[in-house]
Structures are given as structure tokens and as C-alpha cells.
Amino acid sequence: MQMTGSRIVMMMTMMLRKKFVHPSPVMWTLFKALLGLYYLAGVLNMNGVTTYELFDKDCGVAYFQATMPQKRFTFLTNCIRFDDKGTRQEKRERDRLAPIRELFDKIVNTSQQLYTPSEYCTVDEQLLAFRGRCPFKMYIPSKPDKYGIKIMMMCDSKNYYMCNAEVYTGKGSTPAGVSAT
């Protein structure tokens, strides 16, 4: 999160020079609110909805409008960084997931610590729909969302809780004994 903070300071300085927007000081509470809005958008299955539509006064989601202005939401979204830009290239040569590896590992470790799976678990792949820029984005024509990021997951069959996961980042990233196809 330290990288996000420095990115926010840099972006605020640039925007104030351009007189684009005058953001108020960003606090940890505001960042948690941003993550909460993203979580809510996922729960409401609003994947294809634009930021403008989320904050629209007539037909937008009231929770978004009540939490923060659209400009602040966009500003904070543009500032999010989970790695150090100075060491990104070096880390990316070893790990293609380097920009979010630390965050992803924390999520997986937390899910393992807070839950004991039942005796019925399954290992399968999930294609997380994504059309943005990503060096390991995949095209799988048999899936409903044909483009995305492939994640190998172990889930509890009784309640679908994720017990373990690994992102497929290309050849050589699949765990031993697991087929990549």
C-alpha cells in the first residue's frame, strides 16, 4: 500500500498543476471505501457497467453516489499500485504476476488460515473475464467469457469456498502434476 500512497501524492501534484481536480487528502478510510465499492460492484454483477453509469444520478447505484464523487473514484482507481515501479521490471522477468503477487498471495494465505475445508474439494480452472492489457490473458472459445485470466483453484465442494489458487501466467507456471489445458 506504500506504493499506492506515493502514486497518489504524485498524481495529486500533477493534477493540481493542470487544475483538473482538487482532491482532498486521501485517508485509509477512503481507500477501504473504494475497495468496498469494487466489492459491491462484483456482488451486484456489474462487470460491463461504466463508471459513468454507476454514478449516474437517475439510474446509478445510490451506494456509489453516497460514498464518494465520481471524480474521486476515478482518481483513486488510477492511483492504485501494489508494487514498487522501480523494481517492477526486474521482478517481472522472474514472475509475470509480480505487480500483484504480494496481494494475491495474501488473499490466498488468508483464505487458507480462516477456513478448514471439508473432505469434499475439487480442483478446476476458472477463466476470470478480462479484456484489458495483460501478458498472460487467454482466449478459450469454449468458455462463456472467451477472454480472461486463467486461475487454477481448489475449492470446497460444499460451499464453493476457495481454499487455494494459482494464476496461470504461461508455460511453466502450472503446479506440478496439473495439466494446463
Side-chain angles (χ1 to χ4, degrees), residues 1-12 25-47 51 63-64 67-68 72-118 120-138 145 147-178 180:
M1 294 307 160
Q2 181 182 4
M3 295 302 116
T4 299
S6 62
R7 175 82 175 163
I8 290 172
V9 170
M10 182 186 77
M11 292 293 291
M12 283 175 62
V26 178
M27 298 178 291
W28 180 242
T29 307
L30 197 55
F31 185 70
K32 288 196 287 187
L34 176 74
L35 293 179
L37 290 176
Y38 273 114
Y39 186 80
L40 178 64
V43 168
L44 297 176
N45 200 19
M46 304 185 97
N47 297 337
T51 305
Y63 289 115
F64 282 81
T67 305
M68 67 179 68
R72 183 172 292 152
F73 180 87
T74 304
F75 173 76
L76 291 173
T77 298
N78 291 333
C79 291
I80 293 176
R81 296 292 180 269
F82 297 103
D83 69 331
D84 182 0
K85 191 175 181 178
T87 61
R88 182 181 300 162
Q89 195 60 36
E90 176 188 325
K91 288 181 180 178
R92 193 174 269 170
E93 290 172 8
R94 292 181 307 226
D95 182 10
R96 295 174 84 185
L97 195 64
I100 62 163
R101 172 61 72 186
E102 187 178 337
L103 175 67
F104 183 79
D105 287 345
K106 281 183 181 180
I107 292 169
V108 171
N109 289 337
T110 301
S111 71
Q112 291 172 348
Q113 291 171 0
L114 298 178
Y115 182 75
T116 304
S118 71
Y120 302 106
C121 289
T122 184
V123 175
D124 201 2
E125 66 183 38
Q126 176 182 357
L127 189 69
L128 183 65
F130 181 73
R131 285 193 169 263
R133 291 184 301 164
C134 179
F136 47 87
K137 179 175 65 175
M138 298 192 70
D145 293 313
Y147 292 92
I149 298 171
K150 183 176 175 180
I151 304 174
M152 303 296 294
M153 285 191 195
M154 181 177 91
C155 297
D156 191 325
S157 298
K158 288 188 174 183
N159 60 11
Y160 315 114
Y161 187 87
M162 179 194 74
C163 303
N164 201 353
E166 186 61 45
V167 176
Y168 178 74
T169 58
K171 202 172 198 176
S173 70
T174 307
V178 177

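Any value given below was found using the heavy atoms of this structure, including those in side chains, with hydrogens, waters and symmetry copies removed.
- Qualifying salt bridge (Lys or Arg N to Asp or Glu O under 4.0 Å) partners for Lys106, counting only residues two or more places apart in sequence or in other chains: Glu102.
- With sequence neighbours excluded, the residues forming a side-chain hydrogen bond (donor to acceptor under 3.5 Å, both in side chains) with Asn164 are Gln112, listed by chain and number.
- When all heavy atoms of Tyr63 and Leu40 are compared, the closest pair comes out as CB-CD2, 3.6 Å.
- Scanning all heavy atoms of the two residues, the minimum distance from Cys163 to Pro117 falls at SG-CB, 3.6 Å.
- Between Asp95 and Lys91 no salt bridge is recorded (no basic side-chain N to carboxylate O distance below 4.0 Å).
- For the salt bridge (Lys or Arg N to Asp or Glu O under 4.0 Å) test, no residue two or more places apart in sequence or in another chain qualifies with Asp145.
- Within the 4.5 Å cutoff, the side chain of Ile149 has heavy atoms near those of the Phe136 side chain.
- Thr116 meets the side chain to side chain contact (heavy atoms under 4.5 Å, CB included) test with no other residue; sequence neighbours excluded.
- Here the OG1-CG distance, from Thr51 to Leu37, works out to 11.0 Å after rounding to the nearest 0.5 Å.
- Once rounded to the nearest 0.5 Å, the distance linking CZ of Arg72 with OG1 of Thr67 reads 11.5 Å.
- Cation-pi geometry between Lys150 and Tyr168 is satisfied (NZ or CZ under 6.0 Å from the ring centre, within 45° of the ring normal).
- A search for ring pair (Phe, Tyr, Trp, His ring centres under 6.0 Å) contacts involving Tyr115 returns Tyr161, not counting sequence neighbours.
- Partners of Asp124 under the side-chain hydrogen bond (donor to acceptor under 3.5 Å, both in side chains) rule, at least two apart in sequence or in another chain, do not exist in this structure.
- Here CE of Met138 is found 7.5 Å from CG of Leu127. Values are rounded to the nearest 0.5 Å.
- Between the CD1 atom in Ile80 and the CZ atom in Phe75 there is a gap of 11.0 Å [rounded to 0.5 Å].
- Qualifying side-chain hydrogen bond (donor to acceptor under 3.5 Å, both in side chains) partners for Ser118, counting only residues two or more places apart in sequence or in other chains: Asp156.
- A pairwise comparison of heavy atoms in Met154 and Cys121 identifies CG-CB, 4.2 Å as the closest pair.
- Arg96 pairs by the salt bridge (Lys or Arg N to Asp or Glu O under 4.0 Å) definition with nothing, not counting sequence neighbours.
- Take Tyr38 and apply the side chain to side chain contact (heavy atoms under 4.5 Å, CB included) test, not counting sequence neighbours, and it matches Leu34, Phe73, Thr77.
- For Tyr147, the ring pair (Phe, Tyr, Trp, His ring centres under 6.0 Å) partners at least two apart in sequence or on another chain are Tyr139.
- Rounding to the nearest 0.5 Å gives a distance of 5.0 Å between CD1 of Ile151 and CG of Leu128.
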